[in-house]
Undergrad: 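Pasting in a structure now, in structure tokens, and then I'll have a few things to ask.
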Amino acid sequence: MALLQPARLLLSAAAQRHRRLAPAAARASSWWSHVEMGPPDPILGVTEAFKRDTNAKKMNLGVGAYRDNNGKPYVLNSVRKAEAQIAAKKLDKEYLPIAGLAEFNKASAELALGDTNEVIKNGRYVTVQTISGTGSLRVGASFLQRFFKYSRDVYLPKPSWGNHTPIFRDAGMQLHAYRYYDPKTCGFDFAGALDDISKIPEQSVILFHACAHNPTGVDPRPEQWKELAAVVKKRNLFAFFDMAYQGFASGDINRDSWAVCHFIEQGINVVLSQSYAKNMGLYGERVGAFSVICKDVDEAKRVESQLKILIRPMYSNPPINGARIASTILTSPDLRKEWLEEVKGMADRIIDMRNQLVANLKKEGSSHNWQHIIDQIGMFCYTGLKPEQVERLTKEFSIYMTKDGRISVAGVTSGNVGYLAHAVHQVSK
Amino acid sequence: MAAGSVFASVPRAPPVAVFQLTADFREDADPRKVNLGVGAYRTDEGQPWVLPVVKKVEQKIANDASLNHEYLPILGLPEFRANASRIALGEDSRAIKENRVGGVQCLGGTGALRIGAEFLRRWYNGTNNTATPVYISSPSWENHNSVFVNAGFKDIRAYRYWDAAKRGLDLEGLLEDMESAPEFSIFILHACAHNPTGTDPTLEQWRHIAAVMKRRFLFPFFDSAYQGFASGCLDRDAWALRYFVSEGFELFCAQSFSKNFGLYNERVGNLSVVGKDADNVQRVLSQMEKIVRAIWSNPPSQGARIVATTLTCPQLFAEWKDNVKTMADRVLLMRSELRARLQALGTPGTWNHITEQIGMFSFTGLNPKQVEYMIKEKHIYLMASGRINMCGLTTKNLDYVASSIHEAVTKFQ
């Protein structure tokens with residue numbers, strides 16, 4: 001750009017206008033006159049509307065948080081016990097290191113990969129504590145923007161969690177998509193995914209949901225994961241795993257992290273985001289981790305030092321409360337056992353609701369194939385309902401969900417599953 | 001990718017100096033060692049201090065069976081945001097009454113600075129104007145620079161602040177830099193207890209600064225990390241910020257509750273936004289939500305709950321102010337004791353700056369050679385800039401520190 005009139009370059013049109021105004025008028029105008037109102041959040045909008053509804057039978061199926069069979073938030077017993085143990089220790093409130101609570105980081109990596117994993121044994125990884133899953137993705141995206149010199153391109157499954165796009169974009173990456181969900185089957189478009197992925201430019205970044213895909217609930221089967229790993233390896237793609245539901249999907253932590261472990265076994269050094277919002281119910285405590293599988297310990301140390309350089313100007317160091325709870329649970333045999341049972345309990349209730357919903361739909365006399373509701377996994381379910389049907393569900397039955405037909409199965413209880421089935425049948429028969 | 005690695009060329013980054021200092025201190029086996037580095041409060045026994053009111057409130061929270069761990073809204077806990085802004089702007093703030101103040105709960109003061117910086121880069125002085133100059137005091141907290149660089153600003157400049165020769169504020173240099181700054185530049189101002197110098201403008205000097213900033217259309221971004229901690233009085237420490245608001249400025253103020261609540265590791269901060277009117281503030285907050293959503297989605301609840309509970313209960317609020325005064329008073333005592341000893345020893349130089357400076361830190365004026373002597377020979381850890389954390393001083397180590405400074409100053413010039 002020309003060096004002419006450099007002062008003018010600094011003055012936007014708004015600023016020039018601001019300056020031209022007489023002092024009194026300039027004082028009266030605002031710096032923010034041109035700031036647009038941000039668009040309302042689609043999911044929050046659902047909850048807002050739900051709150052305003054006075055129908056006693058109303059259901060909020062937009063909520064992305066677990067609810068018990070009474071529709072109430074669930075604080076895990078293992079969490080309560082851990083909190084009591086921590087309180088008794090009367091610890092101080094000194095700053096955590098930039099990378100967070102060391103015991104938490106170690107336990108988190110071991111939870112994801114298994115403590116006998118060669119990566120753990122060789123120490124060829126770094127894990128930093130992050131602000132839940134979002135914070136982990138942002139730190140990861142920023143790290144790739146700065147140090148992954150091969151590509152700016154990140155490929156997300158279509159569809160993906162809505163927030164993936166702004167996170168990667170704000171971090172300076174470019175977003176693309178690969179086929180994933182097949183609306184015809186309400187299942188995995190395996191052929192489409194393989195086809196798209198095999199054409200992704202080499203050394204691009206590709207993001208996978210480790211388990212319980214959000215928003216569809218559609219996960220690849222192990223044989224399919226194997227083929228995905230093979231093509232990722234063949235195309236020399238950089239694999240970024242987002243694991244927000246370990247344990248919460250199938251009820252088994254090892255089963256849910258199988259894909260991540262398989263990729264690593266195949267020699268693919270992945271990066272991994274973990275969240276403890278759902279599987280420990282620690283939503284508002286913001287507990288997460290970001291891991292980089294490295295070539296060796298030296299690389300891990302170098303990578304860690306750079307992750308710290310990224311974190312420091314974001315928020316300096318992470319919050320302790322949730323990480324201490326998670327760490328206490330993961331490293332105390334009794335609490336860990338209890339936690340695993342509670343996670344399985346949550347997963348089982350979700351699976352039970354899926355089964356009951358389908359059974360009730362059959363009872364209603366629905367002739368549609370609702371098998372996908374049972375085949376999908378995790379908190380969310382892509383029902384296959386169209387926007388017009390969703391609108392009817394909301395207007396006629398006070399059942400709230402997002403326009404894409406996604407429901408949070410967590411919002412279903414044995415008390416309202418019959419009503420839900422009835423309503424769905426009414427709008428889809 | 002088999003043999004090499006995508007991260008083969010990632011260089012080892014240098015550690016953050018202040019944390020390396022504490023790491024070195026920990027490794028040191030010398031029984032005389034003193035840590036005058038990182039900025040956290042210590043009792044006279046040299047221990048961290050969990051405020052009694054915080055212990056009380058945490059107990060209350062733990063016993064409240066109605067509380068759970070659900071997500072906070074994106075902008076944070078409403079009672080926290082409103083009360084945090086109220087603490088900064090005052091009980092009788094007209095701006096609050098006029099509904100033109102908004103708060104964004106953030107991860108500590110750093111988080112508040114970062115969200116504010118990200119917003120300014122996107123929406124201030126046009127849209128996505130990364131060329132707007134950002135002025136940071138010379139010296140300043142070293143992370144200020146990184147925050148604004150990482151938010152995307154391309155032109156970070158220093159404004160004169162510390163006069164090493166007279167060990168005080170270089171007001172003339174500061175004002176000159178403001179006069180010559182391009183209009184609409186952003187200025188990072190320390191609300192009180194300037195870090196690292198401990199040197200604040202007087203009330204009169206603040207008035208002068210505000211007048212120049214108004215005439216030059218400069219944007220004030222206050223960093224308030226020590227409200228209450230500096231003088232012991234919340235209102236007094238917020239005087240500059242409130243003066244600017246009363247002068248009609250639109251501004252940002254990044255507030256930290258790390259020090260004044262001792263909640264360092266809970267990451268409690270608030271970005272207060274003061275605008276011309278409610279409509280502008282609403283639109284600004286809606287855009288803040290988008291920025292927050294892509295960095296941390298929503299903030300941590302524990303620390304905000306503690307602060308909100310304390311600020312909304314008159315008894316707890318009074319207790320908190322008392323705890324804050326306890327900390328501030330101990331720091332003031334250490335300042336006067338250190339100065340007295342240096343003067344009694346006849347240590348070369350003038351030492352009144354020790355008591356004239358305010359807050360946690362003091363720019364002693366020690367040069368790098370003298371600092372090295374202090375660390376290596378005397379096992380007294382301070383920053384290379386000569387900055388000391390007064391909280392690291394105790395009645396037990398005052399004599400040792402004073403005599404060590406005396407040695408350093410007489411041995412090296």
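Throughout, a chain's letter reflects where its sequence line sits, starting with A, and its residues are numbered from 1.
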Undergrad: Identify which part of B:Phe261 has an atom lying under 4.5 Å from any heavy atom of chain A, answering side chain, backbone, both or neither.
TA: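 For B:Phe261, there is no contact with chain A at all, as no heavy atom is under 4.5 Å.
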
Undergrad: Please flag which part of A:Ala65 lies under 4.5 Å from any non-hydrogen atom of chain B: side chain, backbone, both or neither.
TA: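 Just its side chain gets close to chain B.
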
Undergrad: Any side-chain heavy-atom pair from B:Pro11 and A:Gln306 closer than 4.5 angstrom?
TA: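 B:Pro11 vs A:Gln306: side chains touch.
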
Undergrad: Can you check whether B:Ala294's main-chain N or O pairs, donor with acceptor, with A:Arg138's side chain at less than 3.5 Å?
TA: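 Yes, the answer is positive, given that a donor and an acceptor are paired below the 3.5 Å cut-off.
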
Undergrad: Can you tell if the side chain of B:Trp123 reaches within under 4.5 Å of the side chain of A:His34, non-hydrogen atoms only?
TA: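 B:Trp123 vs A:His34: side chains touch.
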
Undergrad: Do any N or O atoms from the side chain of B:Arg12 and from the backbone of A:Ser305 form a donor-acceptor pair under 3.5 angstrom?
TA: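 Checked: no pair found.
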
Undergrad: Relative to chain A, which segment of B:Tyr71 carries a heavy atom at a distance below 4.5 Å: side chain, backbone, both, or neither?
TA: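 For B:Tyr71, backbone and side chain are both near chain A.
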
Undergrad: Ring centroids only, cut at 6.0 angstrom: are B:Phe252 and A:Trp31 within range, meaning strictly under it?
TA: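 Centroid separation for B:Phe252 and A:Trp31: 6.0 Å or greater.
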
Undergrad: Non-hydrogen atoms of chain A under 4.5 Å away: do they reach the side chain of B:Glu70, the backbone, both or neither?
TA: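 It is both, since atoms from each part get that close.
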
Undergrad: Side chain from CB out, backbone as N, CA, C, O: work out which of these in B:Leu51 comes under 4.5 Å of a heavy atom of chain A, or both, or neither.
TA: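 Looking at B:Leu51, nothing touches chain A.
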
Undergrad: Side chain, backbone, both or neither: which part of A:Asp92 has a non-hydrogen atom closer than 4.5 Å to chain B?
TA: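 Both the backbone and the side chain of A:Asp92 come within 4.5 Å of chain B.
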
Undergrad: Using non-hydrogen atoms only, which part of A:Leu91 is less than 4.5 Å away from chain B: side chain, backbone, both, or neither?
TA: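 Interface part for A:Leu91: backbone (N, CA, C, O).
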
Undergrad: Most heavy-atom pairs under 4.5 angstrom with chain B, which of A:Glu285, A:Arg169, A:Lys233?
TA: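 Most heavy-atom pairs under 4.5 Å with chain B: A:Glu285.
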
Undergrad: Under 4.5 Å heavy-atom distance to chain B, tell me which part of A:Arg146 shows up: side chain, backbone, both or neither.
TA: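 Contact with chain B involves the side chain of A:Arg146 alone.
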
Undergrad: Given heavy-atom pairs under 4.5 angstrom as the criterion, report whether the side chain, backbone, both or neither of B:Val149 touches chain A.
TA: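 Neither part.
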
Undergrad: Using heavy-atom distances under 4.5 Å, tell me whether B:Glu118 contacts chain A through its side chain, its backbone, both, or neither.
TA: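 Side chain of B:Glu118 only, per the 4.5 Å heavy-atom cut-off to chain A.
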
Undergrad: Mind ranking A:Ser142, A:Ala277, A:Ala171, A:Ser316 by heavy-atom pairs under 4.5 Å with chain B and telling me who comes out on top?
TA: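 Answer, by heavy-atom pair count under 4.5 Å with chain B: A:Ser316.
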
Undergrad: Give, as side chain, backbone, both or neither, the part of A:Leu76 having an atom under 4.5 angstrom from any heavy atom of chain B.
TA: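 Nothing of A:Leu76, per the 4.5 Å heavy-atom cut-off to chain B.
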
Undergrad: Please look at B:Val50 and chain A and tell me whether the side chain, the backbone, both or neither of the residue comes under 4.5 angstrom of a heavy atom of that chain.
TA: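 The answer is the side chain of B:Val50.
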
Undergrad: I'd like to know if the side chain of A:Arg312 pairs up with that of B:Asn150 as donor and acceptor (distance under 3.5 Å, no hydrogens or angles considered).
TA: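 The answer is no; no qualifying pair exists.
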
Undergrad: Would you mind telling me which of A:Gly135, A:Pro73, A:Gly322 has the largest number of heavy-atom pairs within less than 4.5 Å of chain B?
TA: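 If we count pairs closer than 4.5 Å to chain B, A:Pro73 comes out on top.
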
Undergrad: With no hydrogens and no angle check, is any side-chain donor or acceptor of A:Arg302 less than 3.5 Å from a backbone partner on B:Ala8?
TA: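 At least one qualifying donor-acceptor pair exists.
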
Undergrad: Which atoms of B:Pro299 are under 4.5 Å from chain A, going by heavy atoms: the side chain, the backbone, both sets, or neither?
TA: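 Backbone only.
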
Undergrad: Would you say A:Asn269 and B:Phe7 make side-chain contact, with heavy atoms under 4.5 Å?
TA: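 With C-beta onward as the side chain, the pair stays apart.
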
Undergrad: Please round to the nearest 0.5 Å and tell me the distance separating atom CD1 of A:Ile325 and atom CD of B:Gln302.
TA: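 Reported to 0.5 Å precision, the distance equals 7.5 Å.
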
Undergrad: Please find the pair of heavy atoms, one from B:Val10 and one from A:Phe147, that lie closest to each other, and give the distance.
TA: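 What the structure gives for the nearest pair is CG2-CD2, 3.8 Å.
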
Undergrad: Is it the side chain or the backbone of A:Val287 that comes within 4.5 Å of chain B heavy atoms, both, or neither?
TA: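 Interface part for A:Val287: neither.
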
Undergrad: Using non-hydrogen atoms and a 4.5 Å limit, figure out which bit of B:Ile74 sits close to chain A: side chain, backbone, both or neither.
TA: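 Side chain only.
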
Undergrad: How many angstroms lie between CZ in B:Arg100 and OG in A:Ser30, if you round to the nearest 0.5 Å?
TA: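 OG of A:Ser30 is found 10.0 Å from CZ of B:Arg100.
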
Undergrad: Which one of A:Tyr315, A:Tyr74, A:Tyr283 has the most heavy-atom pairs closer than 4.5 Å to chain B?
TA: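 Highest number of pairs under 4.5 Å: A:Tyr283.
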
Undergrad: Heavy-atom cut-off 4.5 Å, strictly under: side chain, backbone, both or neither for A:Pro318 against chain B?
TA: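 The answer is the backbone of A:Pro318.
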
Undergrad: For the side chain to side chain contact (heavy atoms under 4.5 Å, CB included) test, which of B:Leu263, B:Asn265, B:Leu107, B:Val268 pairs with A:Pro319?
TA: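 Result for side chain to side chain contact (heavy atoms under 4.5 Å, CB included) with A:Pro319: B:Leu107.
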
Undergrad: Side chain, backbone, both or neither: which part of B:Val16 has a non-hydrogen atom closer than 4.5 Å to chain A?
TA: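 For B:Val16, the side chain is the part near chain A, not the backbone.
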
Undergrad: Report which part of A:Val79 has an atom under 4.5 Å of a heavy atom belonging to chain B: side chain, backbone, both, or neither.
TA: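 The side chain, not the backbone.
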
Undergrad: Counting only heavy atoms closer than 4.5 Å, note whether A:Tyr95 contacts chain B via side chain, backbone, both or neither.
TA: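 Both parts, heavy atoms under 4.5 Å.
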
Undergrad: Tell me, for B:Glu58 versus chain A, whether the close heavy atoms (under 4.5 Å) come from the side chain, the backbone, both or neither.
TA: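 Contact with chain A is through the side chain of B:Glu58 alone.
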
Undergrad: Could you check which of A:Thr130, A:Leu282, A:Asp296 has the highest count of heavy-atom pairs closer than 4.5 Å to chain B?
TA: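 Heavy-atom pair counts peak at A:Leu282.
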
Undergrad: Counting heavy-atom pairs closer than 4.5 Å to chain A, which one of B:Gly108, B:Ala40, B:Gly109, B:Pro300 comes out on top?
TA: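 With the most close heavy-atom pairs to chain A, the winner is B:Pro300.
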
Undergrad: Is there side-chain contact between A:Pro166 and B:Lys290, with at least one heavy-atom pair below 4.5 Å?
TA: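 No; the side chains remain at least 4.5 Å from each other.
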
Undergrad: Checking heavy atoms, do the side chain of B:Arg122, its backbone, both or neither come under 4.5 Å from chain A?
TA: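 The side chain, not the backbone.
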
Undergrad: Answer with side chain, backbone, both or neither: which region of B:Phe249 has an atom nearer than 4.5 Å to a non-hydrogen atom of chain A?
TA: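 Neither part.
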
Undergrad: Between A:Glu83, A:Glu94, A:Lys301, A:Met314, which residue shows the highest count of heavy-atom pairs closer than 4.5 Å to chain B?
TA: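 Looking at each of A:Glu83, A:Glu94, A:Lys301, A:Met314 in turn, A:Glu94 comes out on top.
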
Undergrad: Checking B:Arg216 against chain A: side chain, backbone, both or neither under 4.5 Å from a heavy atom?
TA: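 Neither part.
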
Undergrad: Pick one of side chain, backbone, both or neither for A:Lys278, based on which atoms fall under 4.5 Å of a heavy atom in chain B.
TA: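 Just its side chain gets close to chain B.
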
Undergrad: Taking side chain as C-beta onward, heavy atoms only, is A:Pro313 less than 4.5 Å from B:Thr110?
TA: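 The answer is no, as the side chains (C-beta and beyond) never meet within the 4.5 Å cut-off.
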
Undergrad: Say whether, by atom type as modelled, one donor and one acceptor occur between the side chain of B:His69 and the main chain of A:Val75 under 3.5 angstrom.
TA: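 Such a contact is absent between B:His69 side chain and A:Val75 backbone.
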
Undergrad: Between A:Lys93 and B:Gly262, what is the shortest heavy-atom contact and its length?
TA: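 Scanning both residues, the minimum pair turns out to be CB-O, 3.4 Å.
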
Undergrad: To check you understand the geometry: which heavy-atom pair defines the closest contact between A:Phe148 and B:Val6, and what is its length?
TA: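 The answer is CE1-CG1, 3.8 Å.
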
Undergrad: Checking the side chain of B:Gln287 only, and the main-chain atoms of A:Glu36 only, is there a donor and an acceptor separated by less than 3.5 Å?
TA: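 Yes.
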
Undergrad: Is there a side-chain contact between A:Asn317 and B:Arg267, using heavy atoms and a 4.5 Å cut-off?
TA: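 A side-chain contact under 4.5 Å exists here.
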
Undergrad: Counting heavy-atom pairs under 4.5 Å to chain A, which of B:Gly111, B:Ala13, B:Ser286 comes out on top?
TA: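 With the most close heavy-atom pairs to chain A, the winner is B:Ala13.
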
Undergrad: How about B:Ser297 and A:Arg286: do any of their side-chain heavy atoms sit closer than 4.5 Å?
TA: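 Yes, their side chains come closer than 4.5 Å.
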
